[in-house]
Amino acid sequence: QRQLPGRLRSPAMATMEDHHISACAAIEGVEKLAASMPLISSVGSVRAYVVEMQAKETFDALQTVPQAFNSLDLICQLASSCLQLHDALDLDLMAQMEECGCESGIVIWGFSVEIAEMISLGLAAVASFLHSSPVDHSGLTPLLEQLSLEVDQISVHIYGGLCRVAFEEQGGGTPSSLGVGDGRLVHAFQSICIWSVAIVSGLM
């Protein structure tokens with residue numbers, strides 16, 4: 001199993017205290033996932049490479065000028081690119097890669113596990129930067145409004161997935177234990193919720 005920087009224990013309930021990851025570690029996680037075969041097989045090599053290079057550029061900028069507003073701008077753009085990967089999911093490509101014997105991504109409940117993890121890490125980078133850097137928040141509204149709109153577009157998947165798990169855990173459905181892929185997706189969905197709240201709290 002691939003281990004990402006700051007990867008946390010899987011699920012049942014995620015809390016803010018469970019999530020400790022620096023902006024740099026989160027961005028490194030995005031870069032590594034973007035270069036992985038499961039992600040490449042899910043969205044294509046070109047799209048994955050663009051996000052990988054974007055993560056590298058953002059990481060380098062953060063290392064050079066860690067508290068600059070420009071760094072936050074780059075981090076928000078990276079998080080946005082991660083969110084937009086959901087629309088780039090290519091099930092036909094995944095099937096072709098599997099036929100060729102390549103390591104393919106995992107799609108559960110209509111959502112890619114790898115993309116969910118990318119989104120979680122992208123939002124983690126934004127939240128961690130907001131909480132750790134004394135940046136003037138006055139110019140952040142356009143950046144964060146865009147992120148908010150993009151999170152809204154996947155909210156139905158997150159809500160549906162977490163409700164499904166809660167329903168089964170309460171005995172309302174067919175009992176089942178989460179597989180590795182299911183657990184990863186649930187954890188990523190929980191993390192997306194946590195980091196979204198953390199971003200809002202970082203502005204207050």
Where the side chain of [X] meets the backbone of [Y], is there a donor-acceptor pair that is under 3.5 Å apart?
X	Y	value
Ser196	Ile192	yes
Thr58	Gln54	yes
Ser41	Pro38	yes

Does any non-hydrogen side-chain atom of [Y] lie less than 4.5 Å from one of [X]?
X	Y	result
Met94	Leu89	yes
His157	His86	yes
Ile106	Arg184	yes
Cys82	Val30	yes
Leu130	Leu72	yes
Glu150	Gln146	yes
Val51	Val43	no
Met97	Met37	yes

Calculate, to the nearest 0.5 Å, the distance between atoms [atom1] and [atom2] belonging to [X] and [Y] respectively.
X	Y	atom1	atom2	answer
Leu33	Ser36	CG	OG	5.0 Å
Leu144	Leu147	CG	CG	6.0 Å
Gln96	Ser104	CD	OG	10.5 Å
Ile119	Ile154	CD1	CD1	4.0 Å
Met118	Leu83	CE	CG	10.5 Å
Ile158	Gln190	CD1	CD	11.0 Å

Query raised in the report: Are Trp109 and Leu91 grouped together when hydrophobic residues (ILVMFWY) are joined by side-chain heavy atoms under 4.5 angstrom apart?
Result: yes
Report task. Under the ring pair (Phe, Tyr, Trp, His ring centres under 6.0 Å) rule, collect the residues that match up with Phe189, sequence neighbours excluded. Result ->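 With neighbours one apart ignored, the set is Phe111.
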Requested in this report: For Cys24, check side chain to side chain contact (heavy atoms under 4.5 Å, CB included) against everything at least two apart and list the hits.
Outcome: Ser22, Phe59, Leu62, Gln63
Report task. Please assess Leu162 against Cys193 for the test side chain to side chain contact (heavy atoms under 4.5 Å, CB included), listing each intermediate value before the final yes or no. Result -> CA-CA 11 Å; Leu162 295 180; Cys193 296; 4.2 Å; yes
Requested in this report: If a pair satisfies ring-ring contact (aromatic ring centres under 6.0 Å, His included) and one of its residues is in residues 27-51, list it, with sequence neighbours excluded.
Outcome: none
Query raised in the report: Under the side-chain hydrogen bond (donor to acceptor under 3.5 Å, both in side chains) criterion, do Asp73 and Gln77 qualify, and how do the steps go?
Result: CA-CA 6 Å; Asp73 188 15; Gln77 289 180 34; 3.2 Å; yes
Report task. Please determine which of Val186, Asp182, Leu185 meets the side-chain contact (heavy atoms from CB on, under 4.5 Å) test together with Val113. Result -> Leu185
Taking all heavy atoms of [X] and all of [Y], pick out the closest pair and write down the distance.
X	Y	answer
Ala198	Ala127	CB-CB, 3.8 Å
Ala34	Ala48	O-CB, 3.4 Å
Ala125	Ile27	CB-CG1, 3.9 Å
Ser42	Ser112	OG-OG, 4.3 Å

Requested in this report: In sequence, state the C-alpha distance, the side-chain angles, and the governing distance for Ser80 and Gln84, and then conclude on side-chain hydrogen bond (donor to acceptor under 3.5 Å, both in side chains).
Outcome: CA-CA 6 Å; Ser80 178; Gln84 292 169 19; 3.0 Å; yes
